[in-house]
Every structure is written in structure tokens, then in C-alpha cells.
Protein chains: 2
Amino acid sequence: MQDLSPQQTAQNGIDEAVVSSILSARIRPGTRLSENQLAALFDVSRTRVREAMMRLEARGIVNVSPRRGWFVVEPSAEEAMTVYDARRVIEAGLLRTMSRLTETGRTVLNTHLADEKAAIAAGDRQRLTCLMGDFHIRIAELAGNAILVDILRDLTARTILISMLYQSDFHAMQSHLGHCSIVAAMEEGDFQKAAALSVEHLDEVETGLDLTRRPDPLADLRHSLSLPPQTVAPSSKASRKAKP
Amino acid sequence: MQDLSPQQTAQNGIDEAVVSSILSARIRPGTRLSENQLAALFDVSRTRVREAMMRLEARGIVNVSPRRGWFVVEPSAEEAMTVYDARRVIEAGLLRTMSRLTETGRTVLNTHLADEKAAIAAGDRQRLTCLMGDFHIRIAELAGNAILVDILRDLTARTILISMLYQSDFHAMQSHLGHCSIVAAMEEGDFQKAAALSVEHLDEVETGLDLTRRPDPLADLRHSLSLPPQTVAPSSKASRKAKP
DNA sequence: GCGACAAATCTTGCATACAAGGCGAGCAAG
DNA sequence: CTTGCTCGCCTTGTATGCAAGATTTGTCGC
């Protein structure tokens, strides 16, 4: 468990600290979230940690294995497809309902694209992950529907977890170009095209996943020890049972 | 607080008991959900009731007024529009991604339409409300996306609360005919048309609302004094802070 | 050395106790 | 009759304690 920037976000902040840690890829799928440790970090009792976990569970961000602990979800390949499917439905549906791009909207999106470009240039992968997810949330924000924004935020969090599990390598530039063309279509006022491009973009990203790859049960330990990811097939006795 | 059919759904069932009570219009918006009473009804301690409330809060079904109690949400007119907007986006998006109707799907939908017709004939309004909401969930189920089903179920719950607040009278037959034409389009295999009809249908229903009707008799005074609409605090999800 | 068993040590699950604050009844004063 | 005040009841907020189960570790027999 890495830093979750405790303190200031103390009050109702446990939820958001976890979510934003996921959104910026600072926390891996399958990470154990110990009630005691979180309670200590945020200087509250387990009760409040538990409440936060319940809320996150309802949002599909964590799940609990009875009497074992809370874990950041590790979406299965099937769930991964479901998430991408849901995003295609919502994002395309959203773009199709939009009819014009306000001036400030144009500015927001272009600024965002510039940020993405900067992050690519700087090779800041963590920031890039965050930005790539944020792009889609930004669009929902432009549409002005708070409910859809919340839904997409949670789906984006899951998407990031999925990519940490299954993404072989990160075609940042390809994604960035996808975003650029979506924005271009929006600037043309052609939102049908933007919707189609959005579907295509999500298809591309999903295709880039290796959904046959079984999640590595040792991933977090490996990560903590800064070992190279999955060099060879795990030795015989490393096989642990899948989580429920 | 009416019957929530306790007992059998005991384990994790408080959440679902509340939701299904809303879905079948057995519980009104603004209803107070006392922790003690629920605890007594389900024969558990307040702890578990509280956990259920936390989850429901995250789903936008209830909210808490500090030290006063938990209440079934009373969507404002603005929130009502947002909910309908979100449903239009998702349901139309969903239909547009569908390409064919399976045989069992056809059966399910036609059975459902028959049920609606029967409920209309019987004048069973409560059952009708339930069925009218369920129709849209059924479609999502046909599409086979569990995430969207969950999302739509929660949105449907909110929709029902909205109609209890703002619906002057229930044009059941009109809604039923809307459903019929959507199914007809699906049977033709014309899902673009089905999507368009779905949007139209939701527009119709929304238009049938009297969103000027204030659930709050003090609304005028409140407005005159420039106080925030509705006494309830903004939903927890509404106050998300920016990401890192 | 190695596998099986058992105890120790964590973990969450759940209930309860107490604290903090809202709300209304009742009362007094104007 | 209305207004202002106080007290007591009732609500949620939060912490803590203990029980139940899972995991790990240590140990024994082989």
C-alpha cells in the first residue's frame, strides 16, 4: 500500500483517496486494503474505514473476501469486456446527444490534449495514465450531466485497473491521436462522427489488451520488490487458487 | 415506513429490500428510514443497517441529514432532468449497439408487454409502476451487460421516485404503447429506430411530469430568500474534488 | 529434509456503549 | 397570541470490545 495522501482529505476522503490513487495508477488491482492500516493512516477508527469500503464496494471499486480482507478489484477478462462495452454505450450515447461545443469546452479539451502531449514528451507514464482516463470524464463534464460523470469516473477507474492487469504495452501516442480526432470531430460539430470515433477508440484500446493473460498472483509483491514483471512462467508451486 | 419484506432477504437484503420497495412504489420519496426501526425489522444491529445505508447513499438512493436521519431521496426538478437525460443516453446507446433479438429475447419482451397489458386491464397501478420500470431493465438484460443493468436499475428507482413527486397523472396506456413500438422496432431488427423511439418515449414521460410542482410547500418562500433548493445536503458524489 | 498438524496471530464481522447534536414540549414573559 | 428559552428525549456519529474464521508459523514425527 503506497501513499494515499491522507490528512487533508480526511473527512469523507478515504473513498476519494482510494479512487484517485487508482485513477492515477498508484495502486494496483488486487492490492489489499487493510482496515487497520487505513484507520491508522487516516487517524480514524475502523468504523469509518469500513463505511468507506462499503461505499466503494457499491461502486465496484473494491470487494471483500469474508474474513480475509478488502481488495481492490481485479476484473476478470469477462468483466473487462463488460466495462469496455458499458463505456462504449455511454460515451457514444453521450456524444450523440451533444449538439454543440461551447467556447470554454473547446478550450478545456484543447488544454487537455496539450497536457497529454506534454506528458508523452516527458515520458511521465503515471501522469499519462491519469490524463488518458480523464479525457473521457472531461467530455462527460462538458455534457453537464453529473450522474454520467460519476458513472464514467467509476468505469474509468475500473478501466485503469484492467489495463494494469492486461495491457501488454501502452500505445500512448495511439490513444492520444484517438483523442485528438474525437476532439476534431467535435470541433467540426459532427458529434455522430465523434461518437463513432469514440467507439473505435475504445475498440482499439480493448484490442490492445491481452485478455488471455492470467493475472499474476505475485504481481504486487513483485512490484514492491521492483522486480521485472513476469519474466518466465511461474514455477510449479506458485499456483494459488483464484479469488472468489 | 411500510413493509419491506424483511426476514428472507435478511443477509445483505436491507439494500435490496429498500430498492425493491422503491421499484414497486411501496415507499415514497422523502420517507425517513430510521436506523433503529430497520434494525428491529431485520433483527440486526444498527451497524449493519448503517452499512446498508452507506451503500445506498453511494447509489444515490438515500441521503443522510446529519444527526437527523436517513431519507429516501427527493430528486429536485433539476436532478429529475439529469436522471432522464442519463437514461436517454444509456438506453439509446444500448439499443444502438444491439444488432439482433434472440428468440428468447423476443419471448421475454412479449411476455412483459402482455403483463403490462394485464396490469392495465386490472387497474393494478402499483404493479404497473413496477412493470413500467422493469421494461427498460429487461432490455438491458437482453443486451447482457451486468454493469449497465445495475446502473439502469438504480436510475429506474430514481425515476420512480421522481414520478411519485411530479407526475400529475399516469398515462399508463401511452407508456405501454411506447414500449410496444420499441419492441416492434426491435423485432424488425431496426435498432436505430428502437433507439430513437426510446428517446422519444422518455421525452414523452418527462414531458408528462409537472416539474414546476414543488414537493416542498416552502419552496416559494425559500426561493424568495435565495436559499439553496431542498434542505438536503448535496449528494456525497456531487462533491468530488479534482483529481491529483 | 519434508509433510502434516496445531497453536499463535492476524483479519474482518458484528454488537454495543457512549458522545454529540437536533427537535419539540412545556413554560414564562411580553 | 406570539416569542424566546430550556430541558429532556430521540436521532445519528464514532469508537471499542469481543467473537469467528483464515493464514501463517512453528514444531513434531518420519
Side-chain angles (χ1 to χ4, degrees), chain A residues 1 6-7 9-15 17-18 30-58 61-74 217-218 220-221 224 235-244, chain B residues 1 6-7 9-18 30-58 61-74 216-218 221 227-228 230-236 239:
Chain A
M1 174 157 26
Q7 290 322 72
T9 49
Q11 191 51 4
N12 171 3
I14 301 178
D15 311 46
V18 173
T31 302
R32 175 134 183 278
L33 297 176
S34 156
E35 293 185 2
N36 281 323
Q37 291 184 35
L38 286 174
L41 270 177
F42 286 89
D43 192 36
V44 295
S45 78
R46 276 181 51 220
T47 304
R48 300 194 49 189
V49 174
R50 221 141 199 295
E51 292 172 348
M53 292 297 124
M54 297 286 168
R55 284 186 292 258
L56 288 176
E57 187 185 31
I61 306 287
V62 306
N63 56 18
V64 60
S65 183
R67 309 223 181 241
R68 286 190 358 98
W70 297 91
F71 300 88
V72 176
V73 294
E74 296 182 273
L218 301 179
D220 42 359
L221 179 56
S224 303
S235 68
S236 58
K237 66 193 313 179
S239 64
R240 307 243 318 253
K241 69 172 183 188
K243 68 161 195 60
Chain B
M1 176 158 27
Q7 288 322 72
T9 48
Q11 191 51 3
N12 169 5
I14 302 179
D15 313 42
E16 289 318 311
V18 173
T31 302
R32 174 135 182 277
L33 298 175
S34 155
E35 292 185 2
N36 281 324
Q37 291 184 34
L38 286 174
L41 269 176
F42 287 89
D43 192 35
V44 294
S45 77
R46 276 181 51 221
T47 304
R48 300 195 48 188
V49 174
R50 238 157 174 301
E51 291 172 349
M53 291 298 125
M54 297 286 168
R55 284 187 292 259
L56 288 177
E57 187 185 32
I61 306 286
V62 305
N63 56 19
V64 60
S65 185
R67 309 227 182 237
R68 286 188 1 97
W70 296 91
F71 299 89
V72 175
V73 294
E74 297 182 272
D216 175 4
L218 301 178
L221 177 56
L227 293 179
Q230 296 298 76
T231 61
V232 295
S235 92
S236 66
S239 59

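In what follows, every chain begins at residue 1, and chains take the letters A, B, ... in the order their sequences are listed. Just so you know, these numbers come straight off a predicted model, no measurement behind them.
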Between the base of D:dA20 and the side chain of A:R67, is there any donor-acceptor pair under 3.5 Å? yes

Using the closest heavy atom to pick a nucleotide of DNA chain C for each, name whichever of A:E35 or B:R46 lands nearer the 5' end. A:E35

Short question: side chain of B:S34, backbone of B:Q37 - any donor-acceptor pair under 3.5 Å? yes

Would you kindly give the CE-to-C1' distance between B:M53 and D:dT11, to the nearest whole Å? 14 Å

Would you indicate, yes or no, if C:dC10 has its OP1 or OP2 atom less than 4.0 angstrom from a side-chain nitrogen or oxygen of A:N36? no

Among D:dT14, C:dT12, D:dT12, the one nearest any side-chain atom of A:W70 is C:dT12

Of all heavy-atom pairs between B:G30 and B:F71, which one has the smallest distance, and what is that distance? O-CD2, 3.5 Å

Identified side-chain contact (heavy atoms from CB on, under 4.5 Å) counterpart of B:D15 within the set B:M53, B:R55, B:E51: B:R55

Quick one: which of C:dT12, C:dT16, D:dT12 gets closest to the side chain of B:S45? C:dT16

Given A:V72, A:V64, A:I61, A:I14, the one that forms side-chain contact (heavy atoms from CB on, under 4.5 Å) with A:L33: A:V72

Candidate nucleotides C:dT11, D:dA15, C:dC18, ranked by approach to the side chain of A:R32 - the nearest: C:dT11

Of the listed nucleotides D:dA15, C:dC18, D:dA22, the one nearest the side chain of A:R68: D:dA22

Measure from the side chain of A:E51, starting at C-beta and using heavy atoms only, and say which of C:dA15, D:dT14, D:dT11 lies closest. D:dT14

Nearest to the side chain of B:R48, heavy atoms from C-beta on, is which of D:dA15, D:dT12, C:dC14? C:dC14

The side chain of A:T47 lies closest to which of these nucleotides: D:dT14, D:dA15, C:dG22? D:dA15

